[in-house]
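What follows is one structure encoded as structure tokens, with my remarks underneath.
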Amino acid sequence: MTPIELISKWHANTRNERAASQEHFLDLCGVLNEPTPNSDPTGAAYAFEKGATKASGGEGWADVWRRGRFAWEYKGKHKDLEAAHRQLLQYAGALENPPLLVTSDISRIIVRTNWTNCVSERHELLLDDLANPERLGVLKSVFSDPERLLPNKTRAALTAEAAAEFAELAGRLRHRGNDPQTVAHFVNRLVFCLFADDVGLLPAGLFERMLAASRMRPAQFEAYASRLFTAMAKRGGEVDFTPVAWFNGGLFEDDAALALEADDIVLLQKAAALDWAEVDPSILGTLFERGLDPDKRSQLGAHYTSRDMIERLIEPVVRRPLLAEWRGVHTRIAANLAAGAAAKPASKARRDSPAQAETLLRGFLDRLRAFRVLDPACGSGNFLYLALLALKDLEHQAMVEAEALGLQREFPQVGPEAVLGLEVNPYAAELARVSVWIGHIQWARRHGFPPPSDPVLRTLDTIDCRDALLADDGTQAAWPAADAIVGNPPFLGGKRLRTVLGDEYCGRLFTAYADQVSAEADLVCYWFAKAQKEFADGRLLHAGLVATNSIRGGANRRVLEPIAQAGAISTA
């Protein structure tokens, strides 16, 4: 079949999606000289109706799937291809996360890139476009060479670009005499507004229209921004007769805004042109922290931890133990359902099997949804963001795999309340809340679920701005109850404690921890000692903390010795 013949045939088609989709796909294979799903007799790597063998029956997770290349979902002519895309997103994990997600209604084909750390790109092909060799080449890449469609810009590069623009804006605002914390809070609001605008939480184009109007009349920017913040803070808010979602969450607790000059607005418009839906919150906080207040770059707590380093702790502390637990539950559910299916139709085992399997699933999901991860020196929230993603991914995996066994899948419930933080710097604590909020909303969007609403932002009092080591009365600070602890506590050599922290604070610190930490030890050791106490008292399952290798020797070593003697160190 030639492209022209394919176009003519399918322009004349009047059959519904179910009757036409497989033949349409086979015709595409013919035009592109590509193998068909029937070339794989087992369906292990290339198949129609991938997932249709699940015990619950149904139509499968994707109409067509090819390992390492694509998942493809058809809809009837003029039907909602966004809904089809959301379905693919919900099952992408079960489909081994193909790099391309394709939706089609016969008359058009939409290809979206799905690489984890790259900005997503969208290619739309109309039926007549297939007569164009260049456009047909896009479709050929879907089948035979997905890497040709790999986006050039990574999420990290996009985030660095966005942060640089805001670092420049914040610097200008500080140099005009504005309080650094006020500048930081205001910039956090602007960042979230740009994100909300690009993911559809704000009315389409509202923020960019506000900037365009402000560019014509810079003196009005402060009033415009205050009006928007007011509308976002309350239920039923509106701007110029346009309803605005209720955001709440503490970030928009008042209408305070700062004045911008014409050049500032131009800079903000440049930042707004970026794709804020793809900004990576795991590095957002640190980039802002470094850019917004250069005087704090070397201050205690202003440290950067790479995503790879964070994952080296999240994996053994959070993901691996819970995944092993789920594997055990999954095996028991499968065995239970198999035994029930093998029993006589009228038997009690046949009747009780689904209920028992549901009880097993419910028990695991309840446990997972109650699981809490604490970062007791959370900075701008990198560890919390990635820990939340790990928990949400596992909940989603469990529900999809349970559905494949024949159980009912639920709406995901793990949310920002699953991660707890302590941070002494109020700006960093707010950044942590913004990072977690953005990560939570992005996860929903990337998995085909609606974002939270009424309010969009729940107040995150689980991220507390206070000293992690000392209470106001000089005793040891209490840490929130948690199942796991991860983090990168601030490093400060033992010989520099008094110089940086002051004699008065150090005196209280040494007294409060006299039986746990030597006065000569580095500051990071106090976090290890407190984590060990939580573990020894039975309040903690796992902990993973970053330290320099100097923790192996001298006064520092004495903090590790009881942990090692308890056999509690599994990875170092």
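Bear in mind the structure is a predicted one, so any value in this text is a computation, not a measurement.
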In Å and rounded to the nearest 0.5 Å, what is the [atom1] to [atom2] distance from [X] to [Y]?
X    : Y    : atom1 : atom2 : result
L251 : R433 : CG    : CZ    : 9.5 Å
F195 : D275 : CZ    : CG    : 10.0 Å
L420 : D461 : CG    : CG    : 10.0 Å
T154 : N117 : OG1   : CG    : 8.0 Å
L394 : W326 : CG    : CH2   : 8.5 Å

Review point. Can Y74 and I109 be said to form a side chain to side chain contact (heavy atoms under 4.5 Å, CB included), step by step?
Key: CA-CA 9 Å; Y74 277 92; I109 299 170; over 6 Å; no

**Study point:** Criterion side chain to side chain contact (heavy atoms under 4.5 Å, CB included) on R312 and T571, from CA distance to verdict
**Key:** CA-CA 10 Å; R312 285 172 63 186; T571 305; over 6 Å; no

Point to revise | Counterpart residues, side-chain hydrogen bond (donor to acceptor under 3.5 Å, both in side chains), relative to Q413 (two or more places apart) | key: none

Can you find a heavy atom in the side chain of [X] that is under 4.5 Å from one in the side chain of [Y]?
X    : Y    : answer
V419 : V436 : yes
V456 : M232 : no
T359 : F364 : no
R372 : P480 : no
H185 : E253 : yes
W72  : D63  : no
F192 : I441 : yes
Q87  : Q90  : no

Exercise for review: Would you sort out whether L169 and L190 count as a side chain to side chain contact (heavy atoms under 4.5 Å, CB included), showing the intermediate values?
Suggested key: CA-CA 11 Å; L169 176 62; L190 294 180; 4.1 Å; yes

Point to revise | Within 6.0 Å of CZ in R446, more than 12 heavy atoms from elsewhere | key: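 Yes, enclosed.
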
Point to revise | Exceeds 12 heavy-atom contacts within 6.0 angstrom, atom CG of N152 | key: no

So does [Y] get a backbone contact from the side chain of [X], meaning a donor-acceptor N/O pair under 3.5 Å?
X    : Y    : value
N114 : L101 : no
R189 : A256 : yes
H542 : V318 : no
R155 : V279 : yes
E238 : A231 : no
W61  : A94  : no
H447 : W443 : yes
E423 : G379 : yes
S380 : A432 : no
R458 : G415 : no

Specify the closest pair of heavy atoms between [X] and [Y], including all atoms of both residues, with the distance to one decimal.
X    : Y    : value
E165 : L267 : OE1-CD1, 3.0 Å
L149 : S141 : CG-CB, 4.0 Å
L89  : G448 : CB-N, 3.5 Å
A71  : A62  : CB-CB, 4.2 Å
L540 : A531 : CD2-O, 3.6 Å
I314 : F383 : CD1-O, 4.1 Å

Exercise for review: Decide yes or no on side chain to side chain contact (heavy atoms under 4.5 Å, CB included) for L81 and R108, but give the supporting numbers first.
Suggested key: CA-CA 10 Å; L81 292 188; R108 58 186 173 137; 3.6 Å; yes

Exercise for review: For ring pair (Phe, Tyr, Trp, His ring centres under 6.0 Å), just list the numbers for F166 and W276, CA-CA rounded to whole Å, side-chain angles, deciding distance to a tenth of an Å, and then say yes or no.
Suggested key: CA-CA 13 Å; F166 270 96; W276 283 83; 5.6 Å; yes

Is [X] salt-bridged to [Y], cutoff N-O under 4.0 Å?
X    : Y    : answer
E278 : K153 : no
E121 : R148 : no
E534 : K530 : no
E401 : R327 : yes
R307 : D280 : yes

Review point. Please walk me through it: do E82 and R112 pass salt bridge (Lys or Arg N to Asp or Glu O under 4.0 Å)?
Key: CA-CA 11 Å; E82 291 302 313; R112 289 180 174 88; 2.6 Å; yes

Point to revise | Worked check of salt bridge (Lys or Arg N to Asp or Glu O under 4.0 Å) between R172 and E168 | key: CA-CA 6 Å; R172 294 179 186 181; E168 170 67 20; 3.0 Å; yes

Review point. Do we see a donor-acceptor contact under 3.5 Å between the side chains of Y91 and E403?
Key: yes

Review point. Do the ring centers of W437 and F252 come within less than 6.0 Å of each other?
Key: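 Judged by ring-centre distance (under 6.0 Å), W437 and F252 do not meet the cut-off.
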
Exercise for review: Apply the test salt bridge (Lys or Arg N to Asp or Glu O under 4.0 Å) to residues R86 and D80: give CA-CA distance (whole Å), side-chain angles for both, the deciding distance (0.1 Å), then the verdict.
Suggested key: CA-CA 10 Å; R86 288 193 294 272; D80 184 3; 3.8 Å; yes

With sequence neighbours excluded, what pairs up with [X] under the salt bridge (charged side-chain N to carboxylate O under 4.0 Å, His left out) test?
X    : answer
R176 : E261, D264
D255 : none
R369 : E395, E410

Check your understanding: Any salt bridge (charged side-chain N to carboxylate O under 4.0 Å, His left out) pairs touching residues 221-230, not counting sequence neighbours?
Key -> R227-D240

Do any side-chain atoms of residues 199-215 form donor-acceptor pairs under 3.5 angstrom with protein atoms, and if so which ones, sequence neighbours left out?
from: R209; atom 1: NH1; to: A204; atom 2: O; distance (Å): 2.9
from: S214; atom 1: OG; to: M210; atom 2: O; distance (Å): 2.8
from: R215; atom 1: NH1; to: Q269; atom 2: OE1; distance (Å): 3.0

Practice item. With L384 as reference, evaluate V486, T462, D375 under the side-chain contact (heavy atoms from CB on, under 4.5 Å) test and give the passing residue. Key: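 It is D375, the one option of V486, T462, D375 that forms the side-chain contact (heavy atoms from CB on, under 4.5 Å) with L384.
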
